[in-house]
A.B. asks: 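Dropping a structure here in C-alpha cells format, bear with me for questions.
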Amino acid sequence: MFGLSELAIILIVVAAVLAVKKLPELTRSAGKSARILKSEARAARDADEPGAPRVIQGETVKREDPDTSSGSGSRG
C-alpha cells in the first residue's frame, strides 16, 4: 500500500498537471485584477486632492412644494 509521503507526491504531481492547463487563464485574470487595482488606487488618490472640484453631470428635478400639492388643502 501507499504511505502518506507517496500519496502526497502523487497529489502534488496531479495538481501540477492540472494547473498547467489553467495557467494562461490564471495569469490573464491576475493581470486584469492588477489593472483594476491600479485604476481604483489612482481614482482614490485623485479624489483626495482638494484642489480639483468634482463635478457630477446630471439633470435638475423640480420638487413640488407640499403647500401647493393638490388634494391635501382645505377649500375656502
Side-chain angles (χ1 to χ4, degrees):
M1 293 302 294
F2 290 110
L4 187 59
S5 60
E6 290 88 4
L7 188 60
I9 291 173
I10 291 171
L11 288 176
I12 290 172
V13 169
V14 169
V17 169
L18 294 177
V20 168
K21 293 179 183 179
K22 295 285 185 176
L23 192 60
E25 182 182 334
L26 290 173
T27 55
R28 222 175 289 123
S29 176
K32 192 181 289 187
S33 297
R35 282 193 298 274
I36 291 171
L37 182 64
K38 282 171 103 175
S39 67
E40 290 294 327
R42 187 178 306 121
R45 185 179 61 238
D46 291 344
D48 290 341
E49 293 179 7
R54 193 169 159 198
V55 177
I56 300 174
Q57 297 293 330
E59 62 183 57
T60 305
V61 178
K62 293 182 180 180
R63 292 184 0 179
E64 289 186 23
D65 195 16
D67 296 335
T68 61
S69 64
S70 63
S72 65
S74 63
R75 293 190 172 161

A.B. asks: With rounding to the nearest 0.5 Å, note down the distance linking CG in L23 to CG in L18.
C.D. replies: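 Result: 12.5 Å between the selected atoms.
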
A.B. asks: Okay, side chain of E40, backbone of L37: is any donor-acceptor separation there less than 3.5 Å?
C.D. replies: no

A.B. asks: Please identify each residue that fulfils side-chain contact (heavy atoms from CB on, under 4.5 Å) with K32, with sequence neighbours left out.
C.D. replies: R35, I36

A.B. asks: Using modelled atom types only, decide if a donor and an acceptor are shared between the side chain of S29 and the backbone of E25 within a distance under 3.5 Å.
C.D. replies: no

A.B. asks: Can you give me the closest heavy-atom contact between G3 and E6, atom names plus distance?
C.D. replies: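 In this case the closest contact between G3 and E6 is N-OE1, 3.0 Å.
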
A.B. asks: Under 4.5 Å between side-chain heavy atoms, counting indirect links through other Ile/Leu/Val/Met/Phe/Trp/Tyr residues: same cluster for V17 and L26 or not?
C.D. replies: no

